[in-house]
Peer 1: 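Have a look at this one before I ask anything.
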There are 2 protein chains.
Amino acid sequence: MASSRWIEHVYETLAAAGLNRSSARDRVIEVLSGQDCALSAAEIEHRLRAAGRPTARATIYRALDLLVEHGLVERVIVGEGQARFEPLEPGGHHHHHLVCVQCGRLVAFDDPGLERAIDDLSDRLGVTVDSHEVLLHGACDRCEATA
Amino acid sequence: MASSRWIEHVYETLAAAGLNRSSARDRVIEVLSGQDCALSAAEIEHRLRAAGRPTARATIYRALDLLVEHGLVERVIVGEGQARFEPLEPGGHHHHHLVCVQCGRLVAFDDPGLERAIDDLSDRLGVTVDSHEVLLHGACDRCEATA
DNA sequence: CACCATAATGAGACTGAGACTCATTCTCAC
DNA sequence: GTGAGAATGAGTCTCAGTCTCATTATGGTG
């Protein structure tokens with residue numbers, strides 16, 4: 001769950017970027033902040049509508065783009081078809097996800113060994129790696145336990 | 001470039017699975033076999049049309065699904081929006097890709113260290129990893145050299 | 001407070017990938 | 001050759017995400 005610290009960080013960052021305050025964007029930020037797992041744009045739209053605060057799809061996408069652009073939210077691509085968005089804690093460590101093939105849950109993890117292995121690749125391949133994504137498919141700890 | 005050996009392997013596998021031979025599917029297989037980098041379904045459609053052998057989109061998707069299902073083709077997800085398909089050599093080693101942020105080229109690579117790091121994750125996280133995807137973004141060796 | 005430039009919003013049309021449908025056509029074992 | 005089942009094609013449909021543009025909100029300035 002993203003902390004209220006995250007919300008503050010978001011507002012500070014957006015203000016520092018010289019952006020206006022806007023109620024629709026605030027709504028999107030609020031929904032994201034109260035959420036543990038990554039949400040899709042459609043889920044955010046539904047939640048806002050359910051909360052009696054319907055918000056145009058374009059507005060939601062604009063807010064998400066902006067947040068991603070400022071490093072406040074991470075766009076997580078889980079397979080095809082739909083991007084998911086996840087609050088990025090200020091000093092948050094870089095992490096990746098496992099998609100549970102049984103329950104569909106998205107589980108975050110980080111691993112120094114994995115990061116090191118990827119860092120080492122640059123030299124070996126003669127390429128410059130700007131960023132990387134790792135996505136695992138498998139059974140999460142919960143499903144694993146009940147199997 | 002996928003070898004003619006790949007084509008043979010594909011036909012053997014599909015025949016062993018009790019599937020009929022079909023000209024449309026053969027066309028898709030042929031386009032894939034002549035290609036080094038991963039193709040999107042749309043690209044395959046265009047090539048077939050350009051070659052005077054137009055083929056219905058649904059047929060192309062069906063053929064690709066089938067090939068992926070039988071482990072003959074790999075579905076590579078490069079960002080959002082569009083899957084790409086790549087022939088998978090019979091004894092082909094597991095590999096990943098780097099998307100060049102400059103030229104857009106998709107470069108394949110493999111790395112035992114990376115695979116090991118991912119294997120080690122299962123125990124540490126208490127999950128069972130069935131499969132994994134790694135995607136790097138950066139400058140490929142060609143663009144790196146000319147930079 | 002009033003004004004204005006600019007930023008943001010909302011509604012809906014649009015796009016593009018991919019899935020679905022169903023009538024027609026092809027394959028292949030007999 | 002024939003018939004059952006597989007495959008095809010043309011088109012429709014869905015769904016995520018983008019674009020447009022008229023309207024509205026924001027915040028600095030006089």
Side-chain angles (χ1 to χ4, degrees), chain A residues 10-11 13-32 38-49 51-70 72-86 106, chain B residues 10-32 38-49 51-70 72-86:
Chain A
V10 169
Y11 286 147
T13 306
L14 296 183
L19 293 161
N20 284 354
R21 192 67 181 267
S22 97
S23 59
R25 195 151 59 208
D26 287 1
R27 272 176 260 153
V28 173
I29 292 168
E30 196 195 315
V31 169
L32 278 171
L39 290 170
S40 68
E43 281 165 356
I44 294 172
E45 188 181 5
H46 293 152
R47 280 177 197 228
L48 287 173
R49 184 174 307 282
R53 299 183 299 176
T55 304
R57 201 174 322 148
T59 302
I60 294 171
Y61 280 108
R62 273 188 290 243
L64 290 171
D65 285 349
L66 197 72
L67 293 168
V68 169
E69 212 170 280
H70 287 85
L72 300 164
V73 157
E74 190 189 8
R75 178 182 270 114
V76 185
I77 294 166
V78 181
E80 290 171 83
Q82 194 178 43
R84 303 186 80 81
F85 300 86
E86 188 178 66
L106 197 62
Chain B
V10 169
Y11 288 147
E12 278 166 26
T13 307
L14 296 183
L19 292 161
N20 285 353
R21 191 69 181 265
S22 97
S23 59
R25 195 150 59 207
D26 287 0
R27 273 176 260 153
V28 173
I29 292 168
E30 195 194 316
V31 169
L32 279 170
L39 290 170
S40 67
E43 280 164 357
I44 294 172
E45 188 181 5
H46 294 152
R47 282 180 195 224
L48 287 172
R49 183 175 308 283
R53 300 183 297 176
T55 304
R57 203 173 318 149
T59 302
I60 294 171
Y61 280 109
R62 274 188 289 244
L64 290 171
D65 284 349
L66 197 71
L67 292 168
V68 168
E69 212 170 281
H70 287 85
L72 300 164
V73 157
E74 190 189 8
R75 178 182 270 114
V76 184
I77 293 167
V78 182
E80 292 172 78
Q82 196 178 41
R84 303 187 79 83
F85 299 86
E86 190 178 64

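A note on names: the letters A, B, ... follow the listed sequences, proteins ahead of strands, and every chain is numbered from 1.
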Peer 1: For Arg21(A), which residues count as a side-chain contact (heavy atoms from CB on, under 4.5 Å) partner, sequence neighbours excluded?
Peer 2: Tyr11(A), Asp26(A)
Peer 1: Which residues pass the salt bridge (Lys or Arg N to Asp or Glu O under 4.0 Å) test with Arg53(B), not counting sequence neighbours?
Peer 2: Glu30(B)
Peer 1: Does Ala16(B) have any side-chain contact (heavy atoms from CB on, under 4.5 Å) partners at least two apart in sequence or in another chain, and if so, which?
Peer 2: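 In terms of side-chain contact (heavy atoms from CB on, under 4.5 Å), with neighbours along the sequence ignored, Ala16(B) is linked to no residue.
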Peer 1: Go through the structure and list residues passing salt bridge (Lys or Arg N to Asp or Glu O under 4.0 Å) with Arg47(A), not counting sequence neighbours.
Peer 2: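 Testing Arg47(A) for salt bridge (Lys or Arg N to Asp or Glu O under 4.0 Å), a comparison that skips the adjacent residues, returns none.
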Peer 1: Please identify each residue that fulfils side-chain contact (heavy atoms from CB on, under 4.5 Å) with His70(A), with sequence neighbours left out.
Peer 2: Thr13(A), Leu14(A), Ala17(A), Leu19(A), Leu66(A), Leu72(A)
Peer 1: Using the test salt bridge (Lys or Arg N to Asp or Glu O under 4.0 Å), find all partners of Glu12(B) that sit at least two apart in sequence or belong to another chain.
Peer 2: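 Checked Glu12(B) against salt bridge (Lys or Arg N to Asp or Glu O under 4.0 Å); zero matches.
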Peer 1: Of all nucleotides in DNA chain C with an atom under 4.0 Å from a non-hydrogen atom of chain B, which is the first and which the last going 5' to 3'?
Peer 2: dA17(C) to dC28(C)
Peer 1: Excluding sequence neighbours, so at least two apart, what forms side-chain contact (heavy atoms from CB on, under 4.5 Å) with Ala15(A)?
Peer 2: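 With neighbours one apart ignored, the set is empty.
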Peer 1: Could you check which residues of residues 42-49 of chain A get a heavy atom under 4.0 Å from DNA chain D? Sort them by number, please.
Peer 2: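 Heavy-atom contacts with DNA chain D come from no residue of residues 42-49 of chain A; none.
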Peer 1: Reading DNA chain D in the 5' to 3' direction, which nucleotide is the first one with an atom under 4.0 Å from a heavy atom of chain A, and which is the last?
Peer 2: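 Reading along DNA chain D, I get dA16(D) to dG27(D).
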Peer 1: With sequence neighbours excluded, tell me which residues meet salt bridge (Lys or Arg N to Asp or Glu O under 4.0 Å) with Glu45(A).
Peer 2: Arg49(A), Arg57(A)
Peer 1: If an axis is fit to five pairs at each end of the helix from dC1(C)-dG30(D) to dC30(C)-dG1(D), what is the angle between the two, to the nearest 10°?
Peer 2: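 End-to-end axis angle: 20°.
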